[in-house]
Amino acid sequence: LSGEGALFLQELAKLYKATRRLRRSDAFVERLLKSPIFGRIKERLARRRAKLKDGSVDEGLYADALEKIERRERLLAQLASHYEDVYRFYNAMVLGGGEMAQGEGVQLLTVHASKGLEFREVYVVDLMEGRFPNLKLAGKSGSIEEERRLFYVAVTRAKELLYLSFARYDRVKKQEFLPSRFLAEAGLVEG
């Protein structure tokens, strides 16, 4: 563990201690956004977005990037103000997704969060057997039928274009994959 890594973990532990007893979502988000750890993440992200090809940082782009991040902070604080309980707010952000899935741009959503929404283009990734369907989840509490329903939800979110993808091989983990049975059932791959 590097010295910088150790400091990061220390800051993270301080943030956890400072927020673990907070129950109001607006207080939690306020504490999070004012934390030194978030400040450093925000600064690094803005610098990365403002970095030019030669490695220098364009100060104008840096200021624009900070402003965009701060706009998202204000949106997050505004959304948090609608939820008294931090757990309900967290659940809405992870599973609800509706407030964040408005307007132009790329939306990264779980299949659960996409229910009821439609998009011009939809990309469904990780369609490998064992991942989608998630065999661990299906074995514990769900079923393959529930996973099949989720696949149906995912593919019916597209208005015009649907992209389905899977990896045959993970170079990092040195693991081979088979396409999801759902792709075979749809006649998109030989099964």
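- Residues V57 and E59 have side chains in contact (heavy-atom distance under 4.5 Å, counting atoms from C-beta outward).
- No more than 12 heavy atoms of other residues, nucleotides or ligands shown are found within 6.0 angstrom of CZ on R168.
- Remark: the backbone N or O of R181 is paired with a side-chain donor or acceptor of E129 at under 3.5 angstrom.
- In terms of heavy-atom proximity, E176 sits nearest to Y169 at CG-CD1, 3.4 Å.
- Side-chain atoms of L22 and V86, non-hydrogen and from C-beta on, never get closer than 4.5 Å to each other.
- Looking only at side-chain heavy atoms (C-beta outward), F151 and E185 stay at 4.5 Å or farther from each other.
- Cluster annotation: F182 is not connected to V125 through the hydrophobic network of ILVMFWY side chains, with a link wherever side-chain heavy atoms come within less than 4.5 Å.
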Could you walk me through whether Q78 and R74 pass side chain to side chain contact (heavy atoms under 4.5 Å, CB included), step by step?
-> CA-CA 6 Å; Q78 182 183 9; R74 290 189 294 273; over 6 Å; no
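- A salt bridge links K34 to E30: at least one charged side-chain nitrogen sits closer than 4.0 Å to a carboxylate oxygen.
- Annotation: R88, atom CZ; neighbour count of heavy atoms from other residues, nucleotides and ligands within 6.0 Å does not exceed 12.
- A salt bridge does not link E67 with R49: none of the charged nitrogens is closer than 4.0 Å to a carboxylate oxygen.
- Between P179 and V189, the shortest heavy-atom contact is CB-CG2, 3.9 Å.
- The number of heavy atoms from other shown groups lying within 6.0 Å of CD (E84) does not exceed 12.
- When side chains are defined from C-beta on, L150 counts as touching F132, because their heavy atoms get closer than 4.5 Å.
- Evaluation of the side chain to side chain donor-acceptor pair (under 3.5 Å) rule for R24 yields D26 as partners, not counting sequence neighbours.
- Partner of F166 under the side-chain contact (heavy atoms from CB on, under 4.5 Å) criterion, chosen from L178, L188, L127: L127.
- More than 12 heavy-atom neighbours from other residues, nucleotides or ligands sit within 6.0 angstrom of NZ on K42.
- With rounding to the nearest 0.5 angstrom, the CG atom of L76 is 9.5 Å from the OG atom of S25.
- Distance CD/E11 to CD1/I41: 10.5 Å, rounded to 0.5 Å.
- Heavy-atom contacts from other residues, nucleotides or ligands closer than 6.0 Å to CZ of R20 number more than 12.
- A single hydrophobic cluster is not seen to contain both I69 and L15; linkage of ILVMFWY side chains at heavy-atom distances under 4.5 Å, directly or through other members, places them apart.
- To the nearest 0.5 Å, atom CZ of residue R148 and atom OH of residue Y152 are 14.0 Å apart.
- Hydrophobic cluster membership is shared by L117 and V153, with clusters built from Ile, Leu, Val, Met, Phe, Trp and Tyr side chains linked at under 4.5 angstrom.
- A salt bridge is absent between R40 and E43; no separation between the charged side-chain nitrogens and carboxylate oxygens falls under 4.0 Å.
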Begin from the C-alpha positions of F89 and H82 and carry the test side chain to side chain contact (heavy atoms under 4.5 Å, CB included) through to its verdict.
-> CA-CA 8 Å; F89 172 66; H82 297 292; over 6 Å; no
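- Listed for the R157 side chain is no donor-acceptor partner under 3.5 Å among the backbone atoms of V122.
- What you find for D170 and F177 is that their closest heavy atoms are CB-CE1, 3.7 Å.
- At distances below 3.5 Å, at least one donor-acceptor pair connects side-chain atoms of E147 with backbone N or O atoms of N134.
- Rounding to the nearest 0.5 Å places CG of L61 at 9.0 Å from NZ of K68.
- For the atom pair OG1 (T19) and CZ (F28), the distance works out to 4.5 Å, reported to the nearest 0.5 Å.
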Start with the C-alpha gap between L135 and I144, add the side-chain angles, then the distance that decides, and say whether side chain to side chain contact (heavy atoms under 4.5 Å, CB included) holds.
-> CA-CA 8 Å; L135 298 179; I144 293 297; 3.7 Å; yes
Determine, stepwise, if the pair V124 / L162 fulfils side chain to side chain contact (heavy atoms under 4.5 Å, CB included).
-> CA-CA 8 Å; V124 183; L162 173 66; 4.2 Å; yes
